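One structure is given below, encoded as structure tokens.
FYI, side chains are in, hydrogens and waters are out, and symmetry mates aren't considered; it's all heavy atoms of this structure. Keep in mind that what you see is a predicted model, and the values were worked out from it rather than measured.
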Amino acid sequence: MGDQVSAEIVQLVEQAGPYLSAAVSAYGVAVFSRAESAAVDATANLGRRILQAVWRRRDERGRAELEAAVQDATEAPEDEDAAAAVRQQIKRALREDAELRAELARLLPTSGETVHVTASGERSIAAKTITTAITGDHTTIQP
């Protein structure tokens, strides 16, 4: 496998990471059998579609390994190793299946995608991605 393909796989898995985490958190192992839920946010639903696409294209052993990784991540949501095991399963599947790489590339938003963020009203804020937002005249941060 060429360096370009390896780089593409790494990029796809990095892009998919937040969606995978959200899906595992929202659906657990039921992610492989559940239909999209209107009660779950779009990030988790996209992660569900990604995991189901990978699961469908794996053989019985690959499915069992992916399910075990998702189960571990569900049981230990704060464990980075468990989340990494899910990503590793996705990488393995992508290395073995060029059609799956193309399918995931279509599912994931492109980096050049236009994002529209609107803020209205006094002291409102808007951001595509935000870590911490503190608003107000007398706001303090508690340790």
Side-chain angles (χ1 to χ4, degrees), residues 1-136 139 141-143:
M1 181 180 339
D3 289 341
Q4 184 177 359
V5 172
S6 294
E8 177 187 0
I9 290 170
V10 168
Q11 182 180 4
L12 284 170
V13 173
E14 283 178 6
Q15 264 188 286
Y19 301 101
L20 299 173
S21 296
V24 168
S25 193
Y27 289 101
V29 179
V31 72
F32 301 111
S33 59
R34 292 257 321 261
E36 188 166 298
S37 171
V40 175
D41 73 20
T43 300
N45 279 320
L46 178 54
R48 181 196 60 80
R49 287 195 303 275
I50 291 167
L51 284 165
Q52 285 184 351
V54 172
W55 189 82
R56 280 192 309 271
R57 300 179 79 81
R58 303 298 287 156
D59 61 17
E60 188 174 328
R61 180 175 172 217
R63 286 179 178 184
E65 290 170 352
L66 181 58
E67 287 175 13
V70 168
Q71 180 68 42
D72 288 347
T74 300
E75 291 172 0
E78 301 302 317
D79 185 347
E80 267 307 305
D81 291 338
V86 172
R87 292 190 303 271
Q88 186 62 36
Q89 289 295 320
I90 303 299
K91 280 183 190 175
R92 181 174 295 132
L94 292 172
R95 277 195 303 267
E96 298 170 0
D97 191 335
E99 288 180 24
L100 179 60
R101 284 195 303 274
E103 184 176 350
L104 259 56
R106 286 189 302 272
L107 282 172
L108 289 164
T110 60
S111 56
E113 185 175 278
T114 302
V115 175
H116 299 281
V117 180
T118 303
S120 63
E122 190 175 325
R123 292 186 185 85
S124 62
I125 60 171
K128 176 182 176 192
T129 305
I130 193 162
T131 302
T132 304
I134 301 172
T135 62
T139 303
I141 298 174
Q142 300 297 321

Go through Ile90 and Leu66 one step at a time and tell me if the side-chain contact (heavy atoms from CB on, under 4.5 Å) criterion holds. CA-CA 8 Å; Ile90 303 299; Leu66 181 58; 4.3 Å; yes

Full working for side-chain contact (heavy atoms from CB on, under 4.5 Å) between Leu20 and Leu51: CA-CA 7 Å; Leu20 299 173; Leu51 284 165; 3.7 Å; yes

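For Glu99, the salt bridge (Lys or Arg N to Asp or Glu O under 4.0 Å) partners at least two apart in sequence or on another chain are Arg57. Every residue two or more places apart in sequence or in another chain that forms a side chain to side chain donor-acceptor pair (under 3.5 Å) with Arg58 is listed here: Glu96. Taking Glu65 as the reference, Arg61, Arg92 meet the salt bridge (Lys or Arg N to Asp or Glu O under 4.0 Å) condition, with sequence neighbours excluded.
Between the Gln15 side chain and the Pro109 main chain, a donor and an acceptor come within less than 3.5 Å of each other.
Pairs of residues two or more places apart, or lying in two chains, that qualify as ring pair (Phe, Tyr, Trp, His ring centres under 6.0 Å) and include a residue from residues 55-78 are Phe32-Trp55. Evaluation of the salt bridge (charged side-chain N to carboxylate O under 4.0 Å, His left out) test over residues 70-91, restricted to residues two or more places apart or in two chains, returns Glu80-Arg87. Screening residues 41-50 for side-chain hydrogen bond (donor to acceptor under 3.5 Å, both in side chains) gives Tyr27-Asn45, Glu36-Arg48, Glu36-Arg49, Arg48-Gln52 as the qualifying pairs, with residues at least two apart or on separate chains.
A pairwise comparison of heavy atoms in Ala44 and Ala26 identifies CB-CB, 3.8 Å as the closest pair. The two residues Ala73 and Ala83 make their nearest non-hydrogen contact at CB-N, 4.5 Å.
We find the CG-CD distance between Leu108 and Glu14 to be 12.0 Å, quoted to the nearest 0.5 Å. Note that the CG atom of Leu46 and the CD1 atom of Ile50 stand 4.0 Å from one another [nearest 0.5 Å]. To the nearest 0.5 Å, atom CG of residue Leu12 and atom CZ of residue Arg101 are 8.5 Å apart.
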